[in-house]
Asker: 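This is the structure I want to talk about, given as structure tokens.
Proteins get letters first, then strands, A, B, ... in listed order; numbering begins at 1 in each.
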Protein chains: 2
Amino acid sequence: MVKKSVQEAAERAVRLPAEQRRGLILQAATAVFAERGYAGATTDQVARAAGISQPYVVRMFGTKENLFLEALERALGKLTGKFRSVMADYDAGRLAGQVAGLDPAVGPGRPEQLVPLLGAAYADLIRDRGLLLILMQSFLAGHEPVIGARAREGFLGLYQLLRDEVGLDTDGARDFLAHGMLMNTLISLRLPEMYGQDATANELLECTLRSKLQVVVAASKGD
Amino acid sequence: MVKKSVQEAAERAVRLPAEQRRGLILQAATAVFAERGYAGATTDQVARAAGISQPYVVRMFGTKENLFLEALERALGKLTGKFRSVMADYDAGRLAGQVAGLDPAVGPGRPEQLVPLLGAAYADLIRDRGLLLILMQSFLAGHEPVIGARAREGFLGLYQLLRDEVGLDTDGARDFLAHGMLMNTLISLRLPEMYGQDATANELLECTLRSKLQVVVAASKGD
DNA sequence: GTCTATAGGAAGATAGAC
DNA sequence: GTCTATCTTCCTATAGAC
């Protein structure tokens with residue numbers, strides 16, 4: 001029966017190695033949770049986004065809570081990974097072209113030079129749809145016993161990274177986090193999608209995102 | 001039957017004028033939505049918090065969405081109201097005791113003097129449990145068609161207030177919002193409740209909340 | 001490795017009594 | 001002005017086939 005096999009090809013997901021499938025589901029979950037929050041997202045929405053059936057999502061991750069946790073873990077890992085790789089590049093002198101005066105001995109020190117680099121790296125992460133936003137959603141889920149606890153740890157971990165590895169002082173780390181939270185808020189509010197349509201929104205976006213505006217606007221519009 | 005009347009007194013809400021009841025429900029809704037988000041909160045939780053039945057909540061506000069909208073409206077109104085009253089007090093010279101050099105002609109200008117005052121006023125709003133957090137929850141609900149739209153408007157309105165009424169420049173308004181978003185995030189994460197238990201959390205809280213720490217910690221612990 | 005069917009349990013909203 | 005009862009829809013999770 002040709003008809004049946006066509007139907008199957010359309011409705012049935014191709015068999016994939018479990019690890020690869022997990023990755024795809026986590027990616028889909030990140031996007032869905034980022035948009036709708038932990039409570040607002042359904043495992044069925046994740047399943048559709050990943051192109052598989054709802055029970056299979058649950059089967060692979062046990063519970064919705066655990067799925068969120070794993071997506072959160074992945075996001076935290078990618079963020080800290082990116083930050084550390086920027087620092088490694090900087091310390092190895094591989095960013096010579098992008099930084100004005102590269103000698104921390106004179107002029108601005110390493111932390112001060114790293115801040116704009118890390119800020120740009122942060123904004124760049126929005127390409128991975130939902131990565132920053134699922135973090136933000138976890139921060140707003142402080143009342144959830146398991147997820148909230150992990151979110152607290154993760155947030156404090158970021159602060160420690162800024163302080164101990166980047167070398168920022170207390171106020172510097174705070175300011176970096178503050179601007180990160182503002183960026184997340186603007187993205188969550190979907191202001192980048194209004195770019196060009198509202199003068200106030202434009203002003204705020206330009207001033208907040210500076211060099212990374214194009215990236216963020218493009219990513220938000222589903223590029 | 002004494003037993004029955006006691007039971008009724010315990011289970012049945014006292015009759016209240018509709019307007020007063022609306023206010024109580026909105027207050028309860030603010031707290032519940034602030035904690036669990038729009039999607040995560042249930043009308044039943046709001047009803048319990050307000051001491052009435054779930055259908056009555058729906059009866060009074062039509063839909064859960066509309067209940068959230070009205071609570072959001074109230075929060076936006078209280079916030080802008082508080083900011084404007086601080087400005088009025090400042091301009092009328094009623095804050096002489098609280099500001100160092102009060103003459104905008106010499107030293108720091110009006111906007112620069114207002115910033116810490118508004119910051120303290122902002123932190124003070126946490127006394128009204130959930131007021132700041134329901135705003136934050138609305139910002140994270142950008143995908144909701146109605147609520148998201150109002151949240152965008154509200155956020156841009158705050159930016160305009162800072163720019164046009166307070167008189168901050170673009171960067172000043174951005175920084176103020178950024179630190180507000182950080183404060184909201186810390187509160188949502190329940191870090192104030194950890195105060196005294198974690199060195200890193202303490203450092204971040206002290207540096208972010210400065211003079212208002214006691215207020216925030218007390219309010220978070222349910223005072 | 002992936003699906004269909006479905007149990008079991010909320011949650012929002014309505015109807016109608018008091 | 002406020003409640004109880006309930007309809008309906010939706011969602012997580014399980015069972016079991018292919």
Asker: Sequence neighbours left out, what passes salt bridge (Lys or Arg N to Asp or Glu O under 4.0 Å) with B/E206? Give chain and number order.
Answerer: none
Asker: Can you check the A/R48 CZ to C/dT2 P distance for me, whole Å?
Answerer: 18 Å
Asker: Taking OP1 and OP2 of D/dT2, is either one under 4.0 Å from a side-chain nitrogen or oxygen of B/S53?
Answerer: no
Asker: Which residues satisfy the side-chain contact (heavy atoms from CB on, under 4.5 Å) test with A/D89, sequence neighbours excluded?
Answerer: A/R94, A/L95
Asker: For B/R21, give me all partners under side-chain hydrogen bond (donor to acceptor under 3.5 Å, both in side chains), at least two apart in sequence or on another chain.
Answerer: none
Asker: With sequence neighbours left out, write down each residue that passes ring-ring contact (aromatic ring centres under 6.0 Å, His included) with B/F139, or none if nothing qualifies.
Answerer: B/F155
Asker: Between C1' on C/dG12 and CE on B/M60, what's the gap in Å once rounded to a whole number?
Answerer: 18 Å
Asker: List for me each residue that meets ring-ring contact (aromatic ring centres under 6.0 Å, His included) alongside A/F68, sequence neighbours excluded, and say none if there are none.
Answerer: A/F33, A/Y38
Asker: Salt bridge (Lys or Arg N to Asp or Glu O under 4.0 Å) with A/D91: which residues, sequence neighbours excluded?
Answerer: A/R110
Asker: Any ion pair linking A/K221 and A/E193 (charged N to carboxylate O, less than 4.0 Å)?
Answerer: no
Asker: Rounded to the nearest 0.5 Å, what separates atom CZ in B/R129 from atom CD in B/E35?
Answerer: 7.5 Å
Asker: Check whether any side-chain N or O of B/T43 sits under 4.0 Å from OP1 or OP2 of C/dA11, and answer yes or no.
Answerer: no
Asker: Nearest-Å distance, CD (A/Q45) to C1' (D/dT12)?
Answerer: 13 Å
Asker: Just checking A/A41: base, sugar-phosphate only, or nothing, at a heavy-atom cut-off of under 4.0 Å?
Answerer: sugar-phosphate
Asker: Does A/V46 reach a base, just sugar-phosphate, or nothing at all? Heavy atoms under 4.0 Å.
Answerer: nothing
Asker: Could you state the atom-to-atom distance from CG of A/D44 to P of D/dT12 in whole Å?
Answerer: 8 Å
Asker: Using a strict heavy-atom distance below 4.0 Å, which residues from residues 16-33 of chain B are in contact with DNA chain D?
Answerer: B/L16, B/P17, B/A18, B/R21
Asker: With sequence neighbours left out, write down each residue that passes salt bridge (Lys or Arg N to Asp or Glu O under 4.0 Å) with A/E144, or none if nothing qualifies.
Answerer: none
Asker: According to side chain to side chain donor-acceptor pair (under 3.5 Å), does anything in residues 50-65 of chain B pair up with another residue at least two apart or in another chain? List the pairs.
Answerer: B/T43-B/Q54
Asker: Nearest whole Å is fine: how far is C/dT2 P from A/Y56 OH?
Answerer: 4 Å
Asker: For DNA chain D, determine which residues of residues 63-74 of chain A have any heavy atom closer than 4.0 angstrom to one of its atoms, and list them numerically.
Answerer: A/T63, A/K64
Asker: With sequence neighbours excluded, tell me which residues meet ring-ring contact (aromatic ring centres under 6.0 Å, His included) with A/Y159.
Answerer: none
Asker: What's B/A39 touching, base or sugar-phosphate or nothing? Going by heavy atoms closer than 4.0 Å.
Answerer: nothing
Asker: Mind listing the N/O atom pairs, protein and nucleotides 14-18 of chain C, below 3.5 Å?
Answerer:
unit_1, atom_1, unit_2, atom_2, d
C/dG16, O6, B/R59, NH2, 2.9

